[in-house]
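Because only heavy atoms are used, hydrogens play no part in the values below, and waters and symmetry mates are left out as well, while side chains stay in. None of these values were measured; they are calculated from a predicted model.
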2 protein chains.
Amino acid sequence: MLRSDITVAIRDAVMHELAEVGYGRLSIEAVARRAGVGKTAIYRRWSNKLEMVLEIVSDVAGRTVPLPDTGSFAGDLQLIMMIVSRALQHRIASQIIPDLMAEAARNPQIAETLQKALRTHQQAVGEKLVGQAVTRGELPEGTDPDLAVDLILGPLYWRLAVSRTKPDAEYLEKLMAAVTVALRGSAG
Amino acid sequence: MLRSDITVAIRDAVMHELAEVGYGRLSIEAVARRAGVGKTAIYRRWSNKLEMVLEIVSDVAGRTVPLPDTGSFAGDLQLIMMIVSRALQHRIASQIIPDLMAEAARNPQIAETLQKALRTHQQAVGEKLVGQAVTRGELPEGTDPDLAVDLILGPLYWRLAVSRTKPDAEYLEKLMAAVTVALRGSAG
DNA sequence: AAACGGCGGAACGCAACCGTAACGTCCTGG
DNA sequence: CCAGGACGTTACGGTTGCGTTCCGCCGTTT
């Protein structure tokens with residue numbers, strides 16, 4: 001019944017508004033203004049700000065990134081780092097993600113949604129990545145998948161989302177080498 | 001002339017308010033209420049919200065953490081990781097830091113202040129840490145201090161501020177080992 | 001004793017926002 | 001051609017916050 005073009009416009013407006021002012025200052029009015037619709041159109045679809053944002057964000061985040069399976073650990077690693085650094089350099093994502101992370105620290109509902117949207121998936125990626133590599137003999141048995149994920153995502157996230165400096169190709173190579181060596185050598 | 005006990009009360013209130021609602025929803029009125037002072041007392045000290053927050057935060061952050069100098073790379077590393085994980089587990093800090101990080105993405109003034117407060121200092125730590133280790137022969141020459149910092153802070157920050165799971169002693173040991181191996185083996 | 005100045009408190013005009021209720025419009029089916 | 005329903009838009013009262021101004025209080029300085 002609800003006109004889908006309007007729903008799309010609202011979803012779009014929420015993402016952009018979220019990026020510009022953050023969750024804390026997100027207002028329904030501003031969303032409506034930007035989407036070119038009335039506030040009622042929004043309230044007919046969601047009952048409040050939190051519900052609206054959570055539904056929209058988890059929908060976007062839920063479009064699962066495919067699990068890595070390039071045939072070699074180095075390839076998988078490179079692929080993951082490419083995808084993550086792409087994602088974290090995306091203008092909108094790079095503002096929304098840290099913002100919601102911060103918000104999650106004080107809103108359990110947001111925290112839970114983000115956990116579902118991000119952590120669950122990343123855990124799966126970590127386990128698959130490490131599992132495959134162990135099977136192939138590229139990593140020692142007993143390698144901790146969680147540690148692997150932290151070692152891969154941590155530095156990237158730190159650099160891209162916190163220091164906000166662009167990593168060049170050389171840096172990425174160094175990081176890849178470091179992570180590889182770290183995982184190969186620390187579990188034995 | 002300004003009563004210092006009142007200034008302290010305001011500073012304290014700002015930090016707590018910042019942790020509870022974030023920068024986006026921080027209101028002068030709430031700060032005054034919490035501090036038990038009149039708004040006038042605040043406006044007499046700072047001319048607006050941004051200036052107030054920046055001054056207070058950078059003051060707190062500016063209390064420089066001492067540079068590591070325990071005599072061995074392993075010791076320095078452990079010390080740094082202890083300090084950082086302590087800091088990031090602090091109730092107030094763990095909420096304020098991600099919040100301001102996110103805010104910095106859209107407010108250049110905040111970004112600049114945080115850069116000064118955090119990045120400059122961390123760079124110094126990284127250079128000292130790596131420099132000492134290289135001199136001692138614990139790390140190969142040409143080790144990238146920036147990469148080292150990213151490898152150390154990234155995973156810790158990711159785990160503590162993003163995934164929000166407490167790292168146990170075992171995890172920290174693994175991480176230390178991984179970082180050590182990574183830096184030792186990847187620059188050659 | 002008198003002047004000074006920071007203090008809390010109250011109120012101001014202004015702006016933004018919330019959530020709702022009344023309104024007008026468009027589409028559909030009879 | 002019209003009735004009915006679902007829609008988006010407009011208008012509204014109420015709240016919150018900003019930054020400012022004025023007031024009376026009180027401790028300090030001169």
Side-chain angles (χ1 to χ4, degrees), chain A residues 1-57 59 95-96 99-100 102-103 106-110, chain B residues 1-57 59 95-96 99-100 102-104 106-110 113:
Chain A
M1 318 269 172
L2 298 169
R3 271 174 53 189
S4 66
D5 57 332
I6 291 200
T7 305
V8 169
I10 296 175
R11 296 186 112 88
D12 215 66
V14 167
M15 293 302 282
H16 281 86
E17 207 63 24
L18 212 47
E20 270 183 27
V21 305
Y23 178 82
R25 274 178 305 212
L26 183 87
S27 80
I28 302 275
E29 301 232 351
V31 171
R33 219 178 303 138
R34 182 190 281 260
V37 306
K39 281 195 291 179
T40 325
I42 296 176
Y43 281 109
R44 247 193 276 278
R45 287 167 173 79
W46 302 277
S47 64
N48 55 50
K49 177 168 123 178
L50 178 60
E51 189 189 304
M52 173 181 74
V53 170
L54 286 184
E55 197 269 338
I56 292 177
V57 166
D59 177 69
Q95 298 204 299
I96 291 182
D99 186 85
L100 289 181
E103 203 61 32
R106 59 180 79 92
N107 186 324
Q109 279 207 60
I110 294 184
Chain B
M1 314 281 166
L2 298 168
R3 272 173 54 187
S4 66
D5 57 332
I6 290 193
T7 305
V8 168
I10 297 175
R11 296 185 113 89
D12 214 67
V14 167
M15 293 301 283
H16 280 86
E17 207 63 25
L18 212 46
E20 271 184 26
V21 305
Y23 178 82
R25 275 177 304 211
L26 183 89
S27 79
I28 302 275
E29 308 233 356
V31 170
R33 220 176 301 140
R34 182 190 281 260
V37 305
K39 278 197 294 179
T40 328
I42 295 177
Y43 280 106
R44 215 170 274 129
R45 287 165 173 79
W46 301 277
S47 63
N48 55 51
K49 175 168 124 177
L50 178 60
E51 189 189 302
M52 174 182 73
V53 170
L54 286 184
E55 197 269 340
I56 292 176
V57 167
D59 177 69
Q95 298 205 298
I96 291 182
D99 186 86
L100 289 182
E103 202 60 32
R106 61 179 78 93
N107 186 323
Q109 279 206 63
I110 295 183
T113 303

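Between B:Leu18 and B:Ile56, the closest side-chain pair of non-hydrogen atoms is not below 4.5 Å. Annotation: side chain of B:Val57 is not in contact with side chain of B:Thr113 (no heavy-atom distance under 4.5 Å). Taking 4.5 Å as the limit, every side-chain heavy atom of A:Trp46 sits out of range of all side-chain heavy atoms of A:Val53.
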Protein-nucleotides 19-22 of chain C N/O pairs closer than 3.5 Å?
residue : atom : partner : partner atom : Å
C:dG19  : OP2  : A:Tyr43 : OH           : 2.4
C:dG19  : N7   : A:Lys39 : NZ           : 2.9
C:dG19  : O6   : A:Lys39 : NZ           : 2.5

All N/O contacts under 3.5 Å from nucleotides 23-27 of chain D to the protein, with atom names and distances to one decimal?
none

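Within the structure, a side-chain polar atom (N or O) of A:Ser27 is placed less than 4.0 Å from OP1 or OP2 of C:dC17. Between A:Arg33 and the phosphate of C:dC17, there is a side-chain N or O to OP1/OP2 separation shorter than 4.0 Å.
For B:Met52 and D:dC18, the CE to P distance is 9 Å, given to the nearest whole Å. For the pair A:Leu26 CG and C:dA16 C1', the interatomic distance rounds to 14 Å; values are reported in whole Å. Rounded to an integer number of Å, the gap from B:Ile42 CD1 to D:dG17 P is 13 Å.
The distance from atom CG of A:Asp59 to atom CG of A:Leu54, rounded to the nearest 0.5 Å, is 12.0 Å. Atom CG of A:Leu26 and atom CE of A:Met52 lie 5.0 Å apart (nearest 0.5 Å).
In terms of modelled atom types and a separation under 3.5 Å, the side chain of A:Ser47 and the main chain of A:Tyr43 share no donor-acceptor contact.
A:Arg45 comes within contact range of the sugar-phosphate backbone alone, with a heavy-atom separation under 4.0 Å but no base atom that close.
Residues of residues 8-19 of chain B having a heavy atom closer than 4.0 Å to DNA chain C: none are found.
Across C:dG8, C:dG6, D:dT9, the shortest atom-to-atom separation from the side chain of B:Leu2 is found for C:dG6.
Applying the salt bridge (Lys or Arg N to Asp or Glu O under 4.0 Å) test to every pair with at least one member in residues 45-54 of chain B, sequence neighbours left out, gives no pairs at all.
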Which atom pairs, donor and acceptor, lie under 3.5 Å between side-chain atoms of residues 31-42 of chain A and protein residues at least two apart or in another chain?
residue : atom : partner : partner atom : Å
A:Arg34 : NE   : A:Glu17 : OE1          : 2.7
A:Arg34 : NH2  : A:Glu17 : OE1          : 3.4
A:Arg34 : NH2  : A:Glu20 : OE1          : 3.0
A:Arg34 : NH2  : A:Glu20 : OE2          : 2.7
A:Lys39 : NZ   : A:Glu29 : OE2          : 2.8

**Study point:** side chain to side chain contact (heavy atoms under 4.5 Å, CB included) evaluation trace for A:Asn48 with A:Ile28
**Key:** CA-CA 9 Å; A:Asn48 55 50; A:Ile28 302 275; over 6 Å; no

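For the side-chain contact (heavy atoms from CB on, under 4.5 Å) test, residues two or more places apart in sequence or in another chain that qualify with B:Asp12 are B:His16. Looking at residues two or more places apart in sequence or on another chain, you find a salt bridge (Lys or Arg N to Asp or Glu O under 4.0 Å) between A:Arg106 and A:Glu103, B:Asp99.
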